[in-house]
Amino acid sequence: MTAPTPNDPRAVATAIACYSLWGLLPLLFMAMAAHGFGAPEILAHRAVWSVFVAGLFLLLAGQWGEARRVLATPRTLAWLTLSAAMIATNWSLYVFATTQHATLEASLGYYINPLLNMAAGAVLFRERIDRWSAVAIALAAVGVVIQTIALGHVPIIGLTLAITFCAYAVIRKRVPASAQTGLFVECLLLLPIGALFLAWLATHGQATGFASPAGLAWALVNGPATVIPLVLFAWSARRLPLSTLGFIQFLAPTLQFACGVWAGEALTPLRIVSFVFIWAGAGVFALGAAQRSRAARRAMALSETV
């Protein structure tokens, strides 16, 4: 495993590419919706074609043996079934949000996700929340309250996206499987549901993805669009300190926010205020992560000189 170095330009560029792809993903779903795809069909294509791309990367990484071991271990398979349910719920809601003019609310979910992860770490793994983290969580909480007032209802989409992805991360933390193997098995578990739904659409003449070569091209794009960012993330995460990733990860919801504004979603003054608090919380989180990383490096350097 490559030691994390804060100045590895290839890893920084890879992380930026990863989060940029995640941030621009709404444009793909918006384009597919304009082409006639419904959110359920988009999700089904995502589940089906991701298996083949994930399998290809698994083959290139030489991890087929690990995948076979996971599939033969009931306990590990049960955990991955649960994580597959969480990521499927997350995907479903995200596709729905980006095709139903709720991308801004979806971006809120991914802004608060790292803060929710921090809170979950404190509750479930007894990780300490320092002053920076407490302030970040408090600012985000204020932002969510203001967002609730601005929308006239609790931002269910944003909160559910954050909660399901946090639950997914917690589950995967417990699963003894590499990132690529776990993703492949999750996609494999979701494959029958996606395939059956696409078959039902085809028999009823409602499968946009099989109606024309252009429709099939749009459908096939979902495989690499789902898997490639995850592979880029796995590569860069092994080569960058968490503080650097902490800064870069907010690129994705920022681009999602921009996609929502570009698509003409309502951005009222009160909603802007809510996002100011969310952005402030994200900034405090990133600064706190940078400070913790510097402190850890100083402690390591001191221990090496003793």
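Note that the numbering runs from 1 along the sequence shown for the chain. Side chains included, hydrogens not; waters and symmetry mates left out as well; all remaining heavy atoms used.
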Is [Y] reachable from [X] through a run of I, L, V, M, F, W or Y residues, each pair having side-chain heavy atoms under 4.5 Å apart?
| X | Y | result |
| --- | --- | --- |
| Leu139 | Leu270 | yes |
| Val51 | Leu77 | yes |
| Val12 | Leu21 | yes |
| Trp79 | Leu71 | yes |
| Val231 | Leu58 | no |

Do the side chain of [X] and the main chain of [Y] share a donor and acceptor less than 3.5 angstrom apart?
| X | Y | value |
| --- | --- | --- |
| Thr203 | Trp200 | yes |
| Glu265 | Leu104 | yes |
| Ser212 | Gly215 | yes |
| Arg271 | Leu151 | no |
| Glu66 | Ser178 | yes |

Between Gln256 and Thr103, does any side-chain donor sit less than 3.5 Å from a side-chain acceptor?
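Note: Gln256 and Thr103 side chains miss the donor-acceptor criterion.
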
With distance as the sole criterion, is a donor-acceptor pair present between the side chains of Gln147 and Ser274 under 3.5 Å?
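Yes.
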
Mind listing the closest non-hydrogen atom pair of [X] and [Y] along with its distance?
| X | Y | value |
| --- | --- | --- |
| Ala44 | Gly194 | CB-O, 3.7 Å |
| Gly281 | Ala136 | O-CB, 3.3 Å |
| Thr99 | Ala39 | OG1-CB, 3.9 Å |
| Val144 | Pro155 | CG1-CG, 4.1 Å |
| Ala177 | Gly182 | CB-N, 4.5 Å |
| Ala88 | Leu190 | CB-CD2, 3.8 Å |

State the [atom1]-[atom2] distance between [X] and [Y], to the nearest 0.5 angstrom.
| X | Y | atom1 | atom2 | answer |
| --- | --- | --- | --- | --- |
| His45 | Asn222 | NE2 | CG | 7.5 Å |
| Ile87 | Leu189 | CD1 | CG | 13.0 Å |
| Cys166 | Met86 | SG | CE | 11.0 Å |
| Ser20 | Leu251 | OG | CG | 4.0 Å |
| Tyr110 | Phe165 | OH | CZ | 6.5 Å |
| Thr76 | Leu80 | OG1 | CG | 7.0 Å |

Pairwise side-chain contact, [X] with [Y], heavy-atom cut-off 4.5 Å (strictly under):
| X | Y | result |
| --- | --- | --- |
| Tyr111 | Phe275 | yes |
| Phe210 | Glu41 | no |
| Val53 | Thr226 | no |
| Asn113 | Leu161 | no |
| Leu25 | Leu28 | yes |
| Thr208 | Leu201 | no |
| Phe197 | Leu43 | no |
| Leu159 | Ile112 | yes |

Do the rings of Phe233 and Trp22 sit parallel, tilted or perpendicular, given the 30° and 60° boundaries?
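Ring orientation, 0 to 90° scale: tilted.
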
Inspect the surroundings of OH in Tyr168 and state if more than 12 heavy atoms from other residues, nucleotides or ligands are less than 6.0 Å away.
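It does: Tyr168 OH has more than 12 such atoms within range.
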
Please collect all side-chain hydrogen bond (donor to acceptor under 3.5 Å, both in side chains) contacts where either partner lies in residues 25-40, sequence neighbours excluded, each pair once.
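Matches after skipping sequence neighbours: none remain.
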
Looking at Phe184 versus Trp64, is the centre-to-centre ring distance below 6.0 Å?
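For Phe184 and Trp64, the ring centres are under 6.0 Å apart.
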
Give a yes or no on whether the ring-centroid distance for Tyr94 and Trp91 is below 6.0 angstrom.
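Aromatic pair excluded; centres sit 6.0 Å or further apart.
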
Using a strict cut-off of less than 4.0 Å between a Lys/Arg side-chain nitrogen and an Asp/Glu carboxylate oxygen, indicate whether Arg172 and Glu186 qualify as a salt bridge.
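Salt bridge flag = yes for Glu186 with Arg172.
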
Would Trp49 and Val227 satisfy side chain to side chain contact (heavy atoms under 4.5 Å, CB included), going step by step from the backbone distance to the final call?
CA-CA 10 Å; Trp49 305 119; Val227 176; over 6 Å; no

Between Cys259 and Leu24, is the side chain to side chain contact (heavy atoms under 4.5 Å, CB included) condition met? List the steps.
CA-CA 7 Å; Cys259 289; Leu24 296 173; 4.3 Å; yes

For Thr164, which residues count as a side-chain contact (heavy atoms from CB on, under 4.5 Å) partner, sequence neighbours excluded?
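Testing Thr164 for side-chain contact (heavy atoms from CB on, under 4.5 Å), a comparison that skips the adjacent residues, returns Thr89, Asn90, Thr160.
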
Does the side chain to side chain contact (heavy atoms under 4.5 Å, CB included) test come out yes or no for Leu108 and Phe257, once each step is laid out?
CA-CA 8 Å; Leu108 180 142; Phe257 181 90; over 6 Å; no

